[in-house]
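Here's the structure, in structure tokens; my notes come after.
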Amino acid sequence: MRSDPCGLLRRADVGRTVQLGGWVHRSRDLGGLVFIDLRDRTGLLQLAFGPAWSAVEVQQLAASVGVESVILCEGEVVAREPERVNPEMGTGEVEVRVTSFRVVGPAVTPALPVARGRGEKMPAEELRLRHRYLDLRRPELQENLVLRHRLLQVSRRFLTDHGYLELETPILTKPTPEGARDYLVPSRVHPGEFYALPQSPQIYKQLFMCCGFDRYFQIARCFRDEDLRADRQPEFTQIDIEASFIERQDIMTLAEGLIGSMWREAGHHDVPAQFERMTYADAMEFYGCDRPDLRYELRIRDYSSVFASLDFAVTKTALANGARVRGIVLPGGGAWSRKQVDELEALAKGAGAGGLLRLRKADGEYDGPLAKFLTDDAKAALALNDGDLALFVAAADRVSSPALDRVRQECARRLELIDDKAQRFLWVLDFPMFEEDPETGALAAVHHPFTAPHADDMAAYPDEPARWRALAYDVVLNGTELGGGSIRTSDPATQSRMFALLGIGDAEEQERRFGFLLEGLRAGAPPHGGIAFGFDRIAMLLSGATSLRDVIAFPKTTAARSLYEGAPVAVPAEDLAQLHISVRESRAGSIRE
RNA sequence: GGGGGCGUAGCUCAGUUUGGUUAGAGCACUCGACUGUCACUCGAGAGGUCGCGGGUUCGAGCCCCGUCGCUCCCGCCA
């Protein structure tokens with residue numbers, strides 16, 4: 001039916017008779033001559049219709065065919081005269097003089113333009129999603145999905161070459177009360193019982209390790225019923241990896257290789273063989289964040305000792321309560337207006353800080369609420385230059401870190417310190433095992449409950465689990481988390497203890513909720529660990545898209561709806577009855593579960 | 001759950017500041033002209049629930065209240 005794709009014809013094809021198929025991208029009817037730009041996923045090609053080579057019926061059909069219609073045609077590839085070459089088209093040196101022409105898929109007038117004029121804006125996202133069959137015809141989205149395909153293939157090749165088996169895990173799984181909300185699926189044959197869609201294949205892949213499939217991977221679809229963001233969809237794809245008889249270093253080396261292979265596939269050949277490393281403690285201390293963007297410095301420093309001797313009420317009180325005074329120095333920030341600094345303070349307050357102390361030095365003079373309290377020693381210790389702005393937060397670390405993180409990021413943006421071309425890959429290591437609720441003291445797993453703590457920490461502080469570090473690792477690029485993983489607890493007794501520390505102390509309840517993992521571990525479990533990468537996010541970064549929706553063919557809106565087919569929908573009562581479900585009216589009268 | 005932005009022709013937008021005649025433009029669409037265009041050009045035409053509901057007013061696209069949708073962010077996402 002087709003001898004060639006549209007976009008690949010070149011000067012070398014001149015003289016050939018070709019059969020083509022594609023979509024009418026645009027047409028130009030000059031009266032005696034008609035031109036059609038024919039499109040397929042390889043690109044555009046100009047079809048020419050004229051009385052010298054096209055029959056009258058062919059010319060008439062060409063003049064009347066609507067854009068986005070699908071046509072089949074036959075003709076001869078001819079070279080264009082030099083002055084008629086179109087340098088912006090890959091096929092711009094040739095055109096096809098059409099001798100036969102058939103409209104096989106006539107199109108109604110498209111609801112939104114596929115061929116946009118230069119400088120013409122994109123249609124609203126809502127319309128793009130509603131008419132996704134048109135939006136996906138755009139070359140940009142086609143390129144994104146092609147890149148996505150290539151990244152998947154190179155990942156499969158890399159992992160297969162390293163001895164990993166691609167194994168599948170169930171989509172209908174057991175609900176887990178921890179973590180994100182589950183999507184539930186009713187069981188017809190078991191009234192009142194539900195499956196859950198997997199948030200991740202975590203437990204299944206650990207069971208694979210217990211079974212001896214010592215190298216596993218899966219391009220796994222995962223589901224989380226939480227609110228969306230530009231970089232968060234309710235269903236998403238992760239590259240999920242697990243291995244046995246390995247240590248943390250082995251997984252990190254594998255991950256560096258996998259990332260390198262994907263980045264090279266996307267044209268980035270400067271990925272380091274080994275990534276930088278930083279402990280979680282250092283990341284929080286110097287950047288206030290567990291995924292620091294290292295493209296710029298603006299490090300956070302501890303100024304507590306400087307403030308210890310100053311008779312300034314705010315910092316004095318904080319220090320007396322065991323808090324610290326931390327801050328950052330911004331070269332050039334002294335020129336910012338009061339309003340601009342107020343905006344920074346609003347950011348800090350939004351992150352939970354009580355305020356942001358400001359100190360400016362200009363022409364050797366200090367300016368700000370602190371200025372008159374500064375001693376010569378303090379001035380020397382601060383070491384400000386003219387034009388500097390220093391910003392401080394006097395608070396507990398759990399308050400000052402996120403506040404200074406936001407301030408630091410905004411300042412880097414304002415000072416234009418971010419090098420767009422830089423790629424700073426970073427491992428963040430030694431996360432704490434648990435996070436302590438400041439009010440109740442209850443422990444929650446920072447990574448997940450199956451992560452193994454550092455054996456040294458358990459031995460050194462047997463009764464202080466809040467001090468244990470986890471054998472967990474995140475890989476970060478320019479402030480974005482690409483993936484994360486850990487060495488798992490393979491000893492069932494230790495795993496039981498971890499559940500107990502997380503408030504699931506009752507043995508019966510442990511068995512009820514996690515028995516299928518504990519049984520697997522008791523049956524003989526190798527040391528194992530793994531990692532998972534957020535694949536959509538990687539595809540987004542490598543395609544240059546700013547939204548996950550531009551690398552997913554049929555994404556959901558921020559209200560978790562699919563505008564094209566209209567999911568989710570209300571279901572007739574008789575269908576629900578089969579599932580033993582009844583729906584009650586919400587106060588607004590709309591249908592809710 | 002909370003905060004910000006947006007919603008006017010098929011698409012992109014102007015009009016909203018200060019309420020006032022028949023709501024405009026470009027592209028797309030329909031018809032006509034045109035033999036080298038490539039965002040073809042030129043002429044004519046058709047196309048509107050100003051997201052929806054209510055209110056204020058002699059009069060509402062514009063003001064007020066509510067609501068829906070899309071989007072960005074916070075919370076949330078072990």
Side-chain angles (χ1 to χ4, degrees), chain A residues 25-38 44-54 59 63-64 66-68 78 80-81 83-89 91-92 95 97 108-131 134-135 176-182 199-200 202-203 222-234 236 346-347 349-352 402 406 431 433-435 443-451 470 472 481 484 486 498-499 502-504 534 546-547 549 556-559 561 563 588-590:
Chain A
H25 190 64
R26 241 196 284 269
S27 65
R28 293 172 292 281
D29 179 0
L30 275 60
L33 287 176
V34 178
F35 298 98
I36 288 178
D37 291 339
L38 190 64
L44 292 173
L45 171 69
Q46 175 163 280
L47 305 179
F49 301 77
W53 60 88
S54 311
Q59 293 178 63
S64 65
V67 291
E68 295 311 315
V78 299
R80 298 203 204 179
E81 317 256 332
E83 65 273 19
R84 292 176 188 155
V85 164
N86 184 344
E88 288 175 23
M89 259 178 156
T91 58
E95 66 186 13
R97 295 198 165 168
V108 297
T109 302
L112 46 89
V114 176
R116 271 180 307 146
R118 260 196 277 281
E120 191 180 331
K121 282 192 187 170
M122 202 101 91
E125 180 127 26
E126 180 175 0
L127 295 162
R128 292 177 48 205
L129 292 172
R130 198 178 303 288
H131 306 288
L134 289 172
D135 199 34
T176 54
E178 288 73 30
R181 275 181 283 263
D182 286 323
Q199 296 180 29
S200 92
Q202 180 63 34
I203 290 179
C222 303
F223 307 86
R224 291 178 191 173
D225 186 6
E226 295 292 346
D227 288 348
L228 279 66
R229 289 283 188 282
D231 62 351
R232 208 195 293 163
Q233 282 273 310
F236 59 97
L347 278 180
K349 284 182 171 173
R406 280 190 203 178
F431 281 74
M433 185 67 215
F434 300 107
E435 190 171 44
L443 296 180
V446 168
H447 188 57
H448 56 53
F450 319 114
T451 295
E481 183 188 334
S486 66
M498 302 309 273
F499 289 140
L502 290 167
I504 316 168
T546 53
S547 163
R549 294 183 295 274
K556 305 285 187 286
T557 67
T558 50
R561 272 191 187 282
L563 293 183
S590 57

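Letters A, B, ... mirror the listed sequences (proteins, then strands); counts begin at 1.
For B:rA78, the OP1/OP2 oxygens have a side-chain nitrogen or oxygen of A:Arg224 closer than 4.0 Å. For A:Arg97, no side-chain nitrogen or oxygen approaches OP1 or OP2 of B:rU35 to under 4.0 Å. OP1 or OP2 of B:rC70 has at least one side-chain nitrogen or oxygen of A:Thr557 nearer than 4.0 Å. Contact check, A:Arg549 against B:rU71: a side-chain N or O comes under 4.0 Å of OP1 or OP2. Within the 4.0 Å cut-off from OP1 or OP2 of B:rC70, not a single side-chain nitrogen or oxygen of A:Arg128 is found. Taking side-chain N and O atoms only, A:Arg28 has no distance below 4.0 Å to OP1 or OP2 of B:rU37. Distances shorter than 4.0 Å separate some side-chain N or O of A:Lys121 from OP1 or OP2 on B:rC13.
Counting atom types as modelled, A:Arg80 pairs a side-chain N or O with a base atom of B:rC38 as donor and acceptor under 3.5 Å. Side-chain N/O atoms of A:Glu126 and base N/O atoms of B:rG51 include no donor-acceptor pair closer than 3.5 Å. Between the side chain of A:Arg130 and the base of B:rG10, no donor-acceptor pair of N or O atoms lies under 3.5 Å.
Across the P atoms, B:rG10 and B:rC29 are found 15 Å apart, a figure rounded to whole Å. One C1' atom belongs to B:rG59, the other to B:rU21, and the distance between them is 12 Å to the nearest Å. B:rG45 and B:rA9 are spaced 15 Å apart, taking the C1' atom of each and rounding to whole Å. Comparing B:rG43 with B:rU56, their C1' atoms are spaced 47 Å from each other, to the whole Å. Annotation: B:rG55 and B:rA60 have their C1' atoms spaced 11 Å apart (nearest Å). Nucleotides B:rU8 and B:rG3 place their C1' atoms 26 Å apart, quoted to the nearest Å. Atom name C1', nucleotides B:rU22 and B:rU17: the rounded distance is 24 Å, in whole Å. Rounded to the nearest Å, the gap between the C1' atom of B:rG24 and that of B:rG61 is 13 Å.
Closest approach to the A:Ala445 side chain among B:rC27, B:rC76, B:rA78 is made by B:rA78 (side chain taken as heavy atoms from C-beta onward). In this structure, of B:rA78, B:rC77, B:rA39, it is B:rA39 that holds the atom nearest to the side chain of A:Arg26. For A:Arg84, taking side-chain heavy atoms from C-beta onward, the closest of the listed nucleotides B:rC38, B:rA78, B:rG75 is B:rC38.
Nucleic acid contact for A:Leu127: sugar-phosphate only, since backbone atoms but no base atoms lie under 4.0 Å from a heavy atom of the residue. Residue contacts shown for A:Ala444 are absent, as no nucleic acid heavy atom lies under 4.0 Å away. Residue A:Pro123 is classed as a sugar-phosphate contact, given heavy-atom separations below 4.0 Å to backbone atoms only. Base engagement by A:Glu95 is indicated by at least one non-hydrogen atom pair under 4.0 Å involving a base atom. Residue contacts shown for A:Asp29 include a base, since a base heavy atom lies under 4.0 Å away. Nucleic acid contact class of A:Thr558 (heavy atoms, under 4.0 Å, all strands): base. Using a 4.0 Å heavy-atom cutoff across all strands shown, A:Ala48 reaches no nucleic acid atom at all. When heavy atoms are screened at a 4.0 angstrom cut-off, A:Val34 is found touching no nucleic acid atom at all.
Note: CD (A:Glu125) to P (B:rG69) measures 16 Å, nearest angstrom. Atom NZ in A:Lys349 sits roughly 17 Å away from atom C1' in B:rG3 (whole-Å rounding). One atom, CD of A:Gln233, and another, P of B:rC77, lie 19 Å apart when rounded to the nearest Å. As rounded to whole Å, 14 Å separates atom C1' of B:rG51 from atom CG of A:Leu563.
Salt bridge A:Arg232/A:Asp227: absent, no basic N to carboxylate O contact under 4.0 Å.
Between A:Phe499 and A:Pro449, the shortest heavy-atom contact is CE2-CB, 4.0 Å. Nearest heavy atom pair, residue A:Arg26 against residue A:Arg116, reads NH1-O, 4.0 Å. When all heavy atoms are compared, the tightest approach of A:Phe236 to A:Gln199 is CZ-O, 4.1 Å. Annotation for A:Ala111 and A:Leu134: closest pair N-CD1, 3.6 Å, computed over non-hydrogen atoms. Listed here is the closest heavy atom pair of A:Gln59 and A:Ser54: NE2-O, 3.1 Å.
In terms of modelled atom types and a separation under 3.5 Å, the side chain of A:Ser27 and the main chain of A:Ala63 share no donor-acceptor contact.
When both distances must be under 3.5 Å, the Watson-Crick or G-U wobble mate of B:rC63 is B:rG55. Of the nucleotides present, B:rC6 is the one that pairs with B:rG69 by Watson-Crick or G-U wobble criteria, both distances under 3.5 Å. Across the strands present, B:rC29 finds its partner in B:rG45; the criterion is a Watson-Crick or G-U wobble pair with both atom distances under 3.5 angstrom.
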message = Would A:Arg130 and A:Asp135 count as a salt bridge (charged side-chain N to carboxylate O under 4.0 Å, His left out) here? Give the steps.
response = CA-CA 9 Å; A:Arg130 198 178 303 288; A:Asp135 199 34; over 6 Å; no
